[in-house]
Peer 1: 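Mind looking over this structure? Questions follow.
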Amino acid sequence: HLSMLDWYAIWNALPHDEKAKTFCLAKDKLLKSKIASYLSHKMNVIKFNIEVEKEMKESLQKLSKILKEGKNVTIFPEGTRTAAGERGTY
C-alpha cells in the first residue's frame, strides 16, 4: 500500500457502527509523530514492533483477543508501504 492514508481511507469509508469493531495492524515506527499517534488511537490501530519480542507478543495477544471477540482486523499483505503503487513481495 502507498501510505498510512490507505487505512485512513478504508476506515472513513466504513459505516459508523463498523468502525468500533474494525482494527488495523501497523508498524509502530510509522506512528511516531504526534498526529499519527493521535490518529492511530482514534482509528483502532494495533501497533507492533517486530524487533522487540515482548512488544510483538503483546501485540499478537491483543490481536488474538480482538479476533476472539468477533471483531475485524485489516492487515496489508505486503507488510510494508511501496513506492508508486508497485506490488510488493508477499
Side-chain angles (χ1 to χ4, degrees):
H1 59 108
L2 293 176
S3 72
M4 285 300 292
L5 292 177
D6 296 344
W7 174 240
Y8 179 77
I10 291 168
W11 193 81
N12 277 305
L14 293 171
H16 182 72
D17 61 326
E18 290 294 314
K19 288 180 180 180
K21 59 182 182 179
T22 304
F23 295 77
C24 181
L25 194 61
K27 293 178 186 174
D28 67 342
K29 66 182 179 180
L30 302 175
L31 307 170
K32 296 217 182 264
S33 74
K34 287 182 181 181
I35 186 110
S37 181
Y38 172 80
L39 289 174
S40 71
H41 290 294
K42 293 290 185 188
M43 297 178 1
N44 300 338
V45 175
I46 302 165
K47 299 184 281 186
F48 73 95
N49 181 348
I50 199 164
E51 297 171 6
V52 180
E53 185 178 338
K54 181 182 178 191
E55 290 179 28
M56 188 65 189
K57 184 177 179 181
E58 289 170 357
S59 296
L60 290 173
Q61 289 171 338
K62 186 173 185 177
L63 179 64
S64 176
K65 181 179 183 282
I66 288 166
L67 291 170
K68 286 178 184 175
E69 292 172 351
K71 296 177 181 175
N72 310 306
V73 176
T74 300
I75 301 173
F76 292 95
E78 293 160 311
T80 192
R81 294 171 292 160
T82 58
E86 298 166 355
R87 183 179 295 174
T89 304
Y90 294 93

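Here the structure is a predicted model, which means the values were calculated and not measured. Throughout, residue positions are numbered sequentially from 1 according to the sequence presented. Just the heavy atoms: all of them, side chains too, but no hydrogens, waters or symmetry mates, feed the values below.
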Peer 1: Of all the heavy-atom pairs spanning Met43 and Trp11, show the shortest one and how long it is.
Peer 2: CG-CE3, 3.6 Å

Peer 1: Count the heavy atoms of every other residue, nucleotide or ligand shown that sit under 6.0 Å from CD of Gln61, and state whether that count exceeds 12.
Peer 2: yes

Peer 1: What's the spacing between Leu25 CG and Leu60 CG if we round to 0.5 Å?
Peer 2: 7.5 Å

Peer 1: Looking only at heavy atoms, what is the nearest atom pair of Phe23 and Trp7, with distance?
Peer 2: O-CH2, 3.8 Å

Peer 1: May I ask you to check whether over 12 heavy atoms, not counting those of Glu53, lie within 6.0 Å of atom CD?
Peer 2: no

Peer 1: If we ignore hydrogens and angles and just use 3.5 Å, is the side chain of Ser40 paired with the main-chain N or O of Ser37 as donor and acceptor?
Peer 2: yes

Peer 1: Quick one: pull up CG in Asp28 and CE in Met56 and give me the separation to the nearest 0.5 Å.
Peer 2: 10.0 Å

Peer 1: Please say yes or no: joined through hydrophobic side-chain contacts below 4.5 Å, possibly via intermediate residues, are Val45 and Tyr8 part of one cluster?
Peer 2: yes

Peer 1: Which heavy-atom pair separates Asn49 from Glu55 by the least distance, and what is that distance?
Peer 2: CB-OE1, 3.3 Å

Peer 1: Nearest 0.5 Å, please: how far is CD1 in Ile10 from OG1 in Thr74?
Peer 2: 6.0 Å

Peer 1: Rounded to the nearest 0.5 Å, how far apart are NZ of Lys47 and NZ of Lys62?
Peer 2: 8.5 Å

Peer 1: Testing the basics here: between Ile66 and Asn72, what is the closest heavy-atom pair and its distance to 0.1 Å?
Peer 2: CG2-O, 4.5 Å

Peer 1: Using the rule side-chain contact (heavy atoms from CB on, under 4.5 Å), only one of Lys21, Lys65, Glu18 pairs with Lys71; which is it?
Peer 2: Lys21

